[in-house]
Amino acid sequence: MSILILVLSILLLLILITFGKLNAFLSLIFSAILVGIAKQMPLADILASIQKGIGSTLGSLILILGLGVMLGSLLSESGAAQRISQVLIQYFGASRVKLAVLITGFVVGIAMFYNAGFVILIPMVFSVALNTGQPMIYVGIAMASALSVTHGFLPPHPGPTTIAVLFKADIGKTLIYGLTVAIPTLIVAGLVFPEFIKNISSNPPKGLFETKQFKEEEMPGFGLSILTALIPVVLMGMATASELTMDTNAALHHYLKFLGDPSISMLIAVTFALIFLGIRRGKTMEYLMEKTGGAISSASMIIMIIAAGGAFKQVLTDSGIGTDIAKAFQDSTLSPLVLGWLIATIIRIALGSATIAGLTAAGIIQPLMATTHVNPELMVLSIGAGSLMCSHVNDTGFWMFKEYFGLTIKDTFKTWSVMETIVGVMGLMGVLVLNSIV
């Protein structure tokens, strides 16, 4: 019954948006309410679950999204994004622009959460696409695949790190194995796959980022431009290093952890950009606030849709659908590595959250670890790969990608969802190959 309710809720959501032409925000809220009713949740609990989902999603994202849009607007409007893209194009060549964006996304993604990395890199993607004449989605998928791989495979991201601790896996080995699996995965998902989606057009919200062309003398230098963009990356990286190398009671550790918080590091970057890309270059604060305010207004519907996606996900979680599906696989005789991947995949499809899928699958698989003697580091990667599979309408990442690039539901499935599935399948294949070697 839980599987049937899940399938029907997703079908209803697609019908409301695609055929009913209903706003995605309203469609997600309606679908969440009907899932709760179908699972016989008390009406008050349905309302509480929706509020909790919106609150927990925006609570962790609203500062990152808001400040990220402001930073992206400042990078774009000042010409810094164009300067970065210009140097990348000169170094790699227009024919290898995907590789340039993929490497940038991978480096940024190691230190930053997916959502923070996405909003930081989006203006660069738009600028690179504009300057090379390449389709925006062609460049964007390369960036998104790199961020997704780091989010699902590599410590210090919350999912793989928490699962590694749960399984008593070595963090260093997990990182090395994760990098080994990540390289072929990125080649397929970030470099090969985009060649098949070149004809898909995107229509980003008007006013989100400036796309005007700057003259050479109007742009800031590359050093200042890249420094501004990488301030959050550097601060988060320092915080991560302090977690691994410092005494957790040390004062310096606490300072670095504070500065490396995604919201604080983005706030610092925005402040730096206002001063050095704005005021110091002759722009008034009134002008800068007008530009950043306009960008936030353009992103308001994106934020609402992401919040509604969080509500839908929370009702699926609180109604017990994820638990019901997970229990069905507890007595399976599959290889633990495949089983962990499969359970994470099923929960990912059911609930949308990669982190919840990974942690839930880890809890189910943990009792098998002692009896099967499976490699714990590879199990972390297997579950991480499964947690990225088949992203669709109950995943906030799906809606973020769709709305920023201005895609239809169908085209988001053909691009984002397929890319995530490629990452998940390639991750499992890499794990199984490594398992035969190590």
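The figures here come from the full heavy-atom set of this structure, side chains too, leaving out hydrogens, waters and symmetry mates. In what follows, residues are counted from 1 in the order of the sequence shown. Please read these numbers as outputs of a predicted model, since none were measured by experiment.
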Item to complete: Assess whether atom CE of Met429 is packed by more than 12 heavy atoms of other residues, nucleotides or ligands within 6.0 Å.
Response: no

Worksheet item: Just by distance, with hydrogens left out, do His392 and Ser417 show a side-chain donor and acceptor under 3.5 Å apart?
Response: no

Discussion item. Could you check whether atom NZ of Lys198 has more than 12 heavy atoms from other residues, nucleotides or ligands sitting under 6.0 Å from it?
Written reply: yes

Worksheet item: Backbone N or O of Ala239 within a donor-acceptor pair of the Lys257 side chain at under 3.5 Å?
Response: no

Worksheet entry | More than 12 heavy atoms from other groups under 6.0 Å of NZ on Lys283 | yes

Worksheet entry | Residue pair Gly190 / Ala142: nearest heavy atoms and the distance that separates them | O-CB, 3.5 Å

Discussion item. For Ser145, is there any backbone N or O sitting under 3.5 Å from a side-chain donor or acceptor partner on Ser148?
Written reply: no

Practice prompt. Identify, with sequence neighbours excluded, every residue that meets side-chain hydrogen bond (donor to acceptor under 3.5 Å, both in side chains) alongside Gln134.
Written response: none

Worksheet item: Just checking, is any N or O donor in the side chain of Asp411 or Thr415 under 3.5 Å from an acceptor N or O on the other one?
Response: no

Discussion item. Please find the pair of heavy atoms, one from Ile37 and one from Leu43, that lie closest to each other, and give the distance.
Written reply: CG1-CD2, 4.3 Å

Practice prompt. Please indicate whether Phe30 has more than 12 foreign heavy atoms, meaning atoms of other residues, nucleotides or ligands, lying under 6.0 Å from its CZ.
Written response: no

Worksheet item: With a 4.0 Å cut-off, would you call Lys291 and Glu286 a salt bridge?
Response: no

Item to complete: Answer yes or no: does atom CZ of Arg280 have more than 12 heavy-atom neighbours from other residues, nucleotides or ligands under 6.0 Å?
Response: no

Worksheet entry | Validation row: Phe405, Trp416 side chains within 4.5 angstrom (heavy atoms) | no

Worksheet item: Any donor-acceptor pair under 3.5 Å linking the side chain of Glu377 with the backbone of Asp170?
Response: yes

